[in-house]
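Mind looking over this structure? Questions follow.
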Amino acid sequence: MTKDKLKKEEPPHIHIGFDKNELMLKTFLMMSIIALASIIVMGLDALIHIMIALGTVLIVHSTIYSYQVWKDIEPTYRSPASPMVAGMIVGLAMPIAAPFEVTAGVALLTILGFKYGQGKYFKRKYLNPAAASKVILLLVLSLKTLNEGLLFHTHHIDLDLMTATGLQSSMWIFSRETLPIIGFDLSPAQSLFLWQTHGWIGGASSIVVLIVGAIAAYWLRYKWRIIVSTLVTMTILAAGMGIYLNGDPILRIAFHVFTGSLIFLAFFMATEPQSTPMTNYGQYMFGFFLASLTFGLQLLNVLGGSIIALVILNVFTDQFDKIVIKKPYGHKGVKK
Amino acid sequence: MTTPKHFEEKGRFQMDISMKMGAEKKPFKILKPPKKAIVFMQQHIGKCNLPTVNEGEKVITGQKIGDAEGKMTVPVHSPITGVVEGIRKVYHPVLNCPDTAVIIRQEGEEGLMPLPSFDLNDRNEIIELTREAGIVGMGGAAFPTHVKLACKGVDTFIVNAKESDPNLVCDVRLMIEKPREVVSGIKLMAKALGARRIVFATRTHKGELPELEKIMKEGGIEVKRVRPSYSVGSEKLLVEELLGREVPSGTFPPYIGVVVNNISTAYALYKAAHLKEPVISRGMSFYSDKNGIENVWFRTGTMVGEVLGSLGYDIRKFDRLIIGSLMMGWSIPSSETPLLKYSAGLTALSPEYPKPYEKQLPCIRCGYCDSVCPVDIYPSLIMKEDKEKDVKALRRLKVMDCIECGLCSYVCPSHIRLTKHLWGGKRKAKRP
């Protein structure tokens with residue numbers, strides 16, 4: 001018999017055919033819909049922010065990729081899909097009022113420090129790259145604010161979310177919106193849900209984020225428990241606060257749930273796979289604490305509360321995975 | 001038969017089974033007895049047999065050539081008539097290491113040494129016949145069937161005709177070719193078990209196997225159509241799917257009064273009881289990525305290369321030969337590896353066939369493996385703990401409950417063979 005040249009392999013020998021790059025490309029595609037909605041609502045500035053963020057990550061990625069290929073090192077990312085998602089998240093997570101160079105800086109830090117850097121030095125992303133970069137930016141901003149003798153950022157100093165009238169009077173920023181074509185004047189709550197020109201670019205239209213996010217979560221199997229838990233917890237907390245303060249619970253819910261920082265973050269940042277829990281209970285708990293911490297930080301007028309909350313919780317991801325695990329088959333209860 | 005194109009798994013994942021389509025229509029090609037047979041002493045779960053023949057001794061087809069004392073032992077028989085060429089260690093495709101085998105060279109006229117007569121109305125005699133015939137779980141588990149049949153307090157006997165692997169159809173083919181014989185074997189098993197209820201679990205649709213279903217009905221066998229899903233083919237999950245009963249961790253279905261056997265096993269019992277033939281041959285599906293599925297009837301101990309040669313294939317055109325299915329079979333290092341009595345499939349893949357796990361990427365913790373896992377464990381976390389050799393964590397994550405179905409690897413977008421870490425985790429968790 002001829003000498004065989006057979007390969008020894010363990011099972012399985014087939015694969016579903018869906019890979020990481022496809023997951024990233026489809027995520028990018030879904031976020032592009034949100035980006036388009038944001039550009040329609042917020043205008044050219046939104047487009048520039050997104051293009052700056054995407055351009056920055058692509059330049060960095062291409063440079064590193066070319067270097068790795070040149071040096072015969074296995075490229076960290078064979079496809080630009082994952083860096084593109086990071087860039088898109090940075091673009092959509094920036095406030096529309098941010099200077100363009102800040103967006104470029106955050107994108108640079110995201111791709112270089114927290115995407116490539118974390119992977120290289122920690123073998124895994126423990127912190128959400130875009131969120132961690134923004135926290136660093138916030139830290140710099142806070143130091144500057146403290147240096148000026150202020151505890152809170154000037155943009156937030158007048159906000160009073162601890163009272164019903166305080167919230168009501170803070171809503172002036174969302175009260176001058178008119179839905180185009182229809183010409184319908186929007187109340188602050190309606191604006192927060194449909195069409196807001198203030199705040200995070202990715203949250204310009206909460207309804208678009210909700211629809212696109214839900215489709216993406218179903219289609220691409222995001223960690224939906226985090227999304228559900230975050231939004232439900234925030235809704236309950238906001239409604240409870242509204243009722244407790246004899247205010248307008250609907251406005252409270254609209255403000256706390258539909259500001260871009262939460263609605264976009266819940267679907268596309270808090271579900272970032274590597275930095276979030278794997279277990280079912282861990283994900284529910286993660287969402288619960290994310291919403292609770294965000295809510296608390298929002299009430300305290302802390303700038304970027306949701307981002308800070310996300311990064312803090314990222315640190316405890318492995319602990320969440322140890323809390324409770326679902327009972328496997330064989331442990332659910334004997335029926336004899 | 002209207003085989004669905006996909007199996008539906010947990011987490012909305014689908015498994016392509018288009019290769020099965022129409023394959024059950026292909027009759028078994030009966031291969032000639034091999035010129036040389038390699039018969040392993042270990043072809044069952046349990047204590048290994050010792051050879052009962054010596055080098056140079058003449059043997060007849062069906063003659064017992066290996067046995068051992070003890071409850072969990074099953075003898076092996078010569079699949080051909082000839083001379084014992086040697087007794088030596090040969091690579092075992094399932095144990096994945098060299099193991100004792102009796103090598104027989106074909107010589108003289110083919111004959112059959114029949115099994116002794118047993119009283120088929122006596123439960124104990126059926127059980128004894130099952131052991132003497134060398135019958136094991138022929139779906140791939142190799143669990144001694146007589147041990148299952150000896151279980152007491154069994155109320156339900158499930159015949160697993162689900163045949164879930166994506167490239168196996170030999171059981172369905174057997175149901176088409178030998179319906180009366182299969183049912184006869186099922187009834188013998190039910191008699192030994194004393195089970196009140198016999199459930200025939202099939203993925204076929206109503207009217208697709210009319211003769212078999214008619215015979216089943218006449219024999220009081222309940223036909224249950226199981227949803228098209230790969231994982232439901234697992235013994236424990238099939239029990240839950242059909243009866244809503246959970247088999248507790250660390251136990252087997254008889255613990256809750258259920259016994260599961262498959263079609264080929266039932267047919268083997270028929271042959272033992274009525275043709276007095278021990279397990280020396282069986283049907284299997286041969287799949288090649290070039291020509292699809294063929295159904296083959298072969299003698300146990302036949303070398304893989306000889307099977308391929310008999311079917312007209314050039315072995316040099318393949319770079320992977322797998323004993324078993326695409327999902328659960330291990331590839332073998334040599335075409336001289338023999339087939340076993342529980343080899344339900346043989347798969348040959350050409351160099352052009354994708355090698356999806358060749359370039360694995362780091363885990364992205366997407367949780368797909370956790371979503372698809374039919375027994376609700378966390379393969380990704382187990383992989384981490386296996387790498388860190390944290391035995392306590394592996395036990396906490398219930399690694400021992402893994403059924404090794406391979407679905408976690410199948411869906412992994414980073415193309416990681418998680419199954420490898422589940423085996424590793426099990427080995428570590430087993431240690432005291």
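We use all heavy atoms of the structure for the numbers below, so side chains are in, but hydrogens, waters and symmetry mates are not. Every chain is numbered from 1 and lettered A, B, ... according to where its sequence line falls, protein lines coming before strand lines.
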Looking only at heavy atoms, what is the nearest atom pair of A:Lys326 and B:Asp370, with distance?
NZ-O, 3.7 Å
Return the minimal non-hydrogen interatomic distance between A:Ile14 and B:Tyr353, and the atom names on each side.
CG2-OH, 2.9 Å
If we define contacts as heavy-atom pairs under 4.5 Å, which of A:Glu74, A:Lys123, A:Lys223 has the most with chain B?
A:Lys223
Is it true that atom OH of A:Tyr281 has more than 12 heavy atoms of other residues, nucleotides or ligands lying nearer than 6.0 Å?
no
Looking only at heavy atoms and a cut-off of under 4.5 Å, which of B:Gly324, B:Pro374, B:Pro351, B:Gly329 has the most pairs with chain A?
B:Gly329
Bottom line for B:Pro166: the part with an atom under 4.5 Å from chain A's heavy atoms is side chain
Answer with side chain, backbone, both or neither: which region of B:Tyr368 has an atom nearer than 4.5 Å to a non-hydrogen atom of chain A?
side chain
Within the side chain of B:Arg365, is there an N or O that forms a donor-acceptor pair under 3.5 Å with the backbone of A:Thr276?
yes
Of the backbone (N, CA, C, O) and the side chain (C-beta and beyond), which part of B:Met328 lies under 4.5 Å from a heavy atom of chain A, both, or neither?
backbone
Under 4.5 Å from any heavy atom of chain A - which part of B:Asp16:
neither
Aromatic ring pairing B:His415/A:His15, orientation class (parallel under 30°, perpendicular over 60°, tilted between)
parallel
With a 4.5 angstrom heavy-atom cut-off, which part of B:Leu381 approaches chain A: side chain, backbone, both or neither?
side chain
Given that the side chain runs from C-beta out, which part of B:Cys373 has a heavy atom under 4.5 Å from chain A: side chain, backbone, both or neither?
neither
For each of B:Gly309, B:Cys363, B:Ser249, tally heavy-atom pairs with chain A at distances under 4.5 Å, and name the one with the top tally.
B:Ser249
Please report the interatomic distance CD(A:Glu272) to SG(B:Cys366), rounded to the nearest 0.5 Å.
11.0 Å
From B:Ser371 OG over to A:Met278 CE, what is the distance, rounded to the nearest 0.5 angstrom?
8.5 Å
Could you tell me whether B:Phe252 atom CZ has more than 12 heavy atoms of other residues or ligands within 6.0 Å of it?
no
Please state whether the side chain, the backbone, both or neither of B:Glu404 comes within less than 4.5 Å of a heavy atom of chain A.
neither
With a 4.5 angstrom heavy-atom cut-off, could you sort out which part of B:Ile322 is near chain A: side chain, backbone, both or neither?
side chain
Could you pull out the closest heavy-atom pair between B:Arg12 and A:Arg221, with the gap in Å?
O-NH2, 2.6 Å
Select one option (side chain, backbone, both, neither) describing which atoms of B:Tyr410 are under 4.5 Å from chain A's heavy atoms.
both
Taking all atoms of both residues into account, what is the closest heavy-atom pair of B:Leu361 and A:Lys20, and its distance?
CD1-CD, 4.2 Å
At what distance, to the nearest 0.5 angstrom, does OG of B:Ser414 lie from CG of A:Asn21?
9.5 Å
With a 4.5 angstrom heavy-atom cut-off, which part of B:Thr419 approaches chain A: side chain, backbone, both or neither?
side chain
Part of A:Tyr222 within contact of chain B (heavy atom distance under 4.5 Å):
neither
Honestly, the part of B:Asp155 sitting under 4.5 Å from a heavy atom of chain A is neither
A:Tyr329 side chain to B:Val247 backbone, donor-acceptor under 3.5 Å:
yes
When B:Thr251, B:Leu243, B:Asp319 are compared by non-hydrogen pairs under 4.5 Å with chain A, the top option
B:Asp319
Tell me whether A:Lys327 at atom NZ has more than 12 heavy atoms from other residues, nucleotides or ligands lying less than 6.0 Å away.
no
The interface call for B:Lys355 against chain A, heavy-atom contacts under 4.5 Å, is side chain
If you define the side chain from C-beta out and look only at heavy atoms, does anything of A:His13 sit under 4.5 Å from B:Tyr357?
no
A:Thr76 versus chain B, the contacting section by heavy-atom distance below 4.5 Å
neither
Can you tell me if B:Arg417 uses its side chain to pair, donor with acceptor, with the backbone of A:Glu10 under 3.5 Å?
yes
Only counting residues at least two apart or in another chain, list the ones meeting side chain to side chain contact (heavy atoms under 4.5 Å, CB included) with A:Arg225.
A:Asn280, A:Gln283, A:Tyr284
If every non-hydrogen atom of B:Tyr378 is compared with every non-hydrogen atom of A:Ile325, which pair is closest and at what distance?
CE1-CB, 3.8 Å
B:Ser325, part contacting chain A, at a heavy-atom distance under 4.5 Å
backbone
Indicate yes or no for a side-chain donor-acceptor contact from B:Glu246 to the backbone of A:Lys332 under 3.5 Å, with no hydrogens or angles considered.
yes
I need the residue from B:Met15, B:Lys384, B:Lys236 with the largest number of non-hydrogen atom pairs under 4.5 Å to chain A.
B:Lys236
I need the minimum non-hydrogen distance between A:Pro273 and B:Ile364, along with the two atoms involved.
CB-O, 2.9 Å
